[in-house]
Visitor: 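My structure is below; once you've seen it, I'll send some questions.
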2 protein chains.
Amino acid sequence: MTNQRKTIYDVIIGSPEHLSAEEIYLRAKKRYPSLAMGTVYRNLKLMEDAGEILHIRTPDGADRYDKTTSKHDHMECIQCGQFVDLPTHDLLGLIREQTGMEIQSYQINAKGICSECMNKN
Amino acid sequence: MTNQRKTIYDVIIGSPEHLSAEEIYLRAKKRYPSLAMGTVYRNLKLMEDAGEILHIRTPDGADRYDKTTSKHDHMECIQCGQFVDLPTHDLLGLIREQTGMEIQSYQINAKGICSECMNKN
DNA sequence: TTCACTGCAAAACGTTTGCAAACAG
DNA sequence: CTGTTTGCAAACGTTTTGCAGTGAA
């Protein structure tokens, strides 16, 4: 609706990476200098609630935001620091099966070496 | 070594729950009133590094600490708020198999209803 | 006697929020 | 015109840290 929101959204859609709120803020601020951090967070929340983006919560460091909204997991590369998609397949069902517990949702934070860094090495 | 450290350790060992740093602090402070929060965090880190306790990192809210050190996963009960153990089995191998990626470690934060609450319902 | 550990308080970090002003519909 | 959204700055919850003093070995 507002220019701020559109700018923030465009930054996310326009980046192949999984950006943190601050990275989004800095990039959007270049295009819209008066932009405030609070506005970024408020809009990220709105977009998340609207199902337009995915919020990747991390236990250490800043959360990330993903333009791909279909449920999938992520891995943080311990070499380059990027968050990459993890092509997992029905882990929720698997965990439910293994544990027999009433699990509603789950979130994985994996760490490893991304394919790009593997190729470099 | 120090009394503070022993007190903190005893609190963790003596509780069936997965306590947060603040809960540990409050309980240990009852037995050792001059205890400071910084000391709790510093000792938790030492114990974690020594492999004496497990550090459960959470993306929302305070981290928890677990006296069971063997690798396992956890679930947060959305009803009572407790963190309970999740008897998963070789998820790391499974995720590696599914994704073919160089995964070094992972951490799951699941949410659901714990057995105790299931029985109450 | 030495060096690790403590208590304290301040700072760090990422995120949220109250408010009055600005703006979109 | 009305109600949502903004910018600002202050506050939040959790964790870390600098420092001078304390205490365990």
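So you know, we letter chains A, B, ... as the sequences are listed, proteins then strands, and number each from 1. Side chains are part of it too, since the values below use all heavy atoms of this structure and drop only hydrogens, waters and symmetry mates.
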Visitor: Please give, in whole Å, the distance from C:dA10 P to B:Met37 CE?
Guide: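 To the nearest whole Å, that distance equals 18 Å.
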
Visitor: Taking CG from A:Asn3 and P from C:dC23, how many angstroms apart are they, rounded to a whole number?
Guide: 11 Å

Visitor: From the list D:dT5, C:dG14, D:dT15, which nucleotide is the closest neighbour of the side chain of A:Met1?
Guide: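 Among D:dT5, C:dG14, D:dT15, the one nearest the side chain of A:Met1 is D:dT5.
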
Visitor: Between P on D:dT5 and NZ on A:Lys6, what's the gap in Å once rounded to a whole number?
Guide: 17 Å

Visitor: Return no unless some side-chain N or O of A:Thr2 is found under 4.0 Å from OP1 or OP2 of D:dT6.
Guide: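 Yes.
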
Visitor: What is the distance, rounded to the nearest whole Å, between atom CD of A:Glu22 and atom C1' of C:dC13?
Guide: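 Rounded to the whole Å, the gap is 10 Å.
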
Visitor: What is the nucleic acid contact for A:Tyr25, judged by heavy atoms within less than 4.0 Å: base, sugar-phosphate only, or nothing?
Guide: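 The residue A:Tyr25 makes no contact with any strand.
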
Visitor: When the distance from CD1 of A:Ile24 to C1' of C:dT15 is rounded to whole Å, what number comes out?
Guide: 13 Å

Visitor: Does D:dA24 have OP1 or OP2 under 4.0 Å away from a side-chain N or O of B:Gln4?
Guide: no

Visitor: Go through the side-chain N and O atoms of A:His55 and A:Asp63 and say whether any donor and acceptor fall under 3.5 Å apart.
Guide: yes

Visitor: In whole angstrom, give the distance that lies between atom CG of A:Leu46 and atom P of C:dA24.
Guide: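 In whole Å, C:dA24 P and A:Leu46 CG are 16 Å from each other.
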
Visitor: Examine C:dT15: is either OP1 or OP2 under 4.0 Å from a nitrogen or oxygen in the side chain of A:Tyr41? Give yes or no.
Guide: yes

Visitor: Measure the distance from CD1 on B:Ile8 to P on C:dG7 and round it to the nearest whole Å.
Guide: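 Distance, rounded to whole Å: 8 Å.
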
Visitor: Between the base of C:dG14 and the side chain of A:Arg57, is there a donor-acceptor distance below 3.5 Å?
Guide: no

Visitor: Determine whether any donor atom in the side chain of B:Arg42 lies under 3.5 Å from an acceptor atom in the base of D:dG18, or the reverse, and answer yes or no.
Guide: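 Per atom types, the contact qualifies.
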
Visitor: Closer than 4.0 Å, any side-chain N/O of B:Thr39 to the OP1 or OP2 of C:dG7?
Guide: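 True: B:Thr39 side-chain N/O within range (under 4.0 Å) of C:dG7 OP1/OP2.
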
Visitor: Specify the separation, in whole Å, of atom NE2 of B:His55 and atom P of D:dT15.
Guide: 6 Å

Visitor: What about B:Arg5: does its side chain form a donor-acceptor pair under 3.5 Å with the base of D:dG23?
Guide: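 No such pair is found, so the answer is no.
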
